[in-house]
Amino acid sequence: MTIVAVLYALLVAAVAAGLGYLFSGLLQGILDLGRRPYWFILVVAGLAAAVTLFIMWTPDAGGDLHLAAAQAPVPGESPADPSVYIQGLKTDNPALYTRVKASIQADLAAGKGQAVALANARDLLDDYIERKLPFLSDDVIVERFQLLRDVLSYLGAQNQNDICAALALGTKRTGVQLYLNAELVARDTANVAHIVAAARDEAAAKLLPEEFKNLTNAAFAHSAQSTGIALEDVDTLLTGTGDPKKACMLMTGYFDALLLLSPSEAGPALRAMAAGEQSPVPAQSRAADPVAPPAP
């Protein structure tokens, strides 16, 4: 039970008590009682508090997890509701569903805020997402990388350059949700729900190596030109040893260039990259084997 839920329940109880006091006078007159029935006020307040707590957070009899928004959303933004992808996992990956549900319940029971609980649970899905990316349809995988591009852009605008560069280069995955605004978290939740619901297409087209190499070179050239980064600095930045701000800008521009393509053109390239068959980092700049891009 979160502290926020308790505070909401107390607030509702106070309002209900006020209304109960007014109606108790009416009840006194109707029943011709000698004194105001104060018990009625307590019953109304207690019932309102209990109903509020039940609505905001409760596990049902079958053990499914229901979460209400425990934080007020920013005006114009909708709170993220993970219930769709959580319930979708129950069918698509029961073991992962159990882990996600247990993680959220344990964090809430420990008194952690709902945002922290959901971020911790979301981190458990990264491997699942990466394994499914190479087999997604064009629209879903493009949606995933549009989100990644926007996450990198947001982190860069917030001067979270170390996190941005590490995420873009695949050296950081966990805890990213805690640095994002409500709109990006909601988009991530929606996209994860699409990934969970999507059928795996084992025959989904992937770009051939030479085609991917040419596309990657063009994308980095476009990114370097648009960000003012010298081409001779690109290899250093891609190793993770250069200026993280420039690395963040370079990788944001790289994904931006890929996403200028139509979904039918970008889809095969992104699937090849996600499968680990290709890497945006040139071979001479890599100290290790290529890895699939991070799942933001």
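Keep in mind the model is a prediction, meaning the values are calculated, not measured.
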Subject >> Over 12 foreign heavy atoms within 6.0 Å of CD, E211 >> reply: yes

Original post:
Is it the case that more than 12 heavy atoms not belonging to Y179 sit under 6.0 Å from its OH atom?
Top reply: no

Quick check: closest heavy atoms across [X] and [Y], and the distance to 0.1 Å?
X    : Y    : result
A204 : P134 : CB-O, 4.1 Å
L133 : A274 : CB-CB, 3.7 Å
G240 : L169 : CA-CD1, 3.8 Å
L136 : R271 : O-NH1, 3.0 Å
L180 : Y154 : CA-CE2, 3.9 Å
A266 : L258 : CB-O, 3.8 Å

Is there a side-chain contact between [X] and [Y], using heavy atoms and a 4.5 Å cut-off?
X    : Y    : value
V151 : L155 : yes
P82  : Y85  : yes
L148 : L167 : yes
L259 : R149 : yes
R144 : D188 : yes
R187 : D150 : yes
I104 : Q114 : no

The criterion is side-chain hydrogen bond (donor to acceptor under 3.5 Å, both in side chains); which residues satisfy it with [X], sequence neighbours excluded?
X    : answer
S226 : none
D139 : S137
N214 : none

**OP:** Just do the salt bridge (charged side-chain N to carboxylate O under 4.0 Å, His left out) check on K132 and D201 with the steps written out, would you?
**Re:** CA-CA 9 Å; K132 202 166 183 180; D201 182 1; over 6 Å; no

Measure the spacing between [atom1] of [X] and [atom2] of [Y] and express it to the nearest 0.5 Å.
X    : Y    : atom1 : atom2 : answer
I229 : L250 : CD1   : CG    : 5.0 Å
L125 : E130 : CG    : CD    : 11.5 Å
I163 : L152 : CD1   : CG    : 11.5 Å
S103 : L124 : OG    : CG    : 5.0 Å
Y254 : L238 : OH    : CG    : 9.5 Å
I141 : L270 : CD1   : CG    : 5.0 Å

Subject >> Residue pair F220, M251: steps toward the side-chain contact (heavy atoms from CB on, under 4.5 Å) verdict >> reply: CA-CA 8 Å; F220 276 123; M251 293 306 299; 3.9 Å; yes

Name all residues meeting the side-chain contact (heavy atoms from CB on, under 4.5 Å) criterion together with [X]; count only those two or more places apart in sequence or in a different chain, and write none if there are none.
X    : answer
L260 : H222
T171 : A166
N159 : N161
E232 : A230

**OP:** List in chain and number order the residues that pass salt bridge (Lys or Arg N to Asp or Glu O under 4.0 Å) with D123, two or more places apart in sequence or in another chain; answer none if no residue qualifies.
**Re:** none

Original post:
Quick one: salt bridge (Lys or Arg N to Asp or Glu O under 4.0 Å) partners of K246, sequence neighbours excluded?
Top reply: none

Subject >> Candidate pair T174 and N120, rule side-chain contact (heavy atoms from CB on, under 4.5 Å), full reasoning >> reply: CA-CA 8 Å; T174 61; N120 289 341; over 6 Å; no

Original post:
Can you pull the salt bridge (charged side-chain N to carboxylate O under 4.0 Å, His left out) pairs that have at least one residue in residues 102-111, sequence neighbours excluded?
Top reply: D107-K112

Original post:
Which residue pairs pass the disulfide (SG to SG under 2.5 Å) test with at least one member in residues 211-269, sequence neighbours excluded?
Top reply: C164-C248

**OP:** Scan for disulfide (SG to SG under 2.5 Å) pairs involving residues 112-153, sequence neighbours excluded, and state none if there are none.
**Re:** none

**OP:** Could you tell me whether the side chains of Y97 and D92 share a donor-acceptor contact shorter than 3.5 Å?
**Re:** no

Just by distance, do the side chain of [X] and the backbone of [Y] share a donor-acceptor pair under 3.5 Å?
X    : Y    : value
T216 : K213 : no
T189 : V185 : yes
Q105 : A102 : no
T98  : P94  : yes

**OP:** Apply the side-chain contact (heavy atoms from CB on, under 4.5 Å) test between R122 and each candidate in I129, V100, V176, L178; give the one that qualifies.
**Re:** I129

**OP:** Decide salt bridge (charged side-chain N to carboxylate O under 4.0 Å, His left out) for R131 and D126; before the verdict, give the C-alpha distance in whole Å, the side-chain angles of both, and the deciding distance to 0.1 Å.
**Re:** CA-CA 9 Å; R131 285 194 295 269; D126 284 332; over 6 Å; no

**OP:** Quick one: do V84 and V196 satisfy side-chain contact (heavy atoms from CB on, under 4.5 Å)? Show the steps, please.
**Re:** CA-CA 9 Å; V84 176; V196 171; over 6 Å; no

Original post:
Can D162 and K245 be said to form a salt bridge (charged side-chain N to carboxylate O under 4.0 Å, His left out), step by step?
Top reply: CA-CA 7 Å; D162 288 331; K245 182 175 182 178; over 6 Å; no

Original post:
So is R200 actually on top of F135's ring, under 6.0 Å and inside 45° of the axis?
Top reply: yes

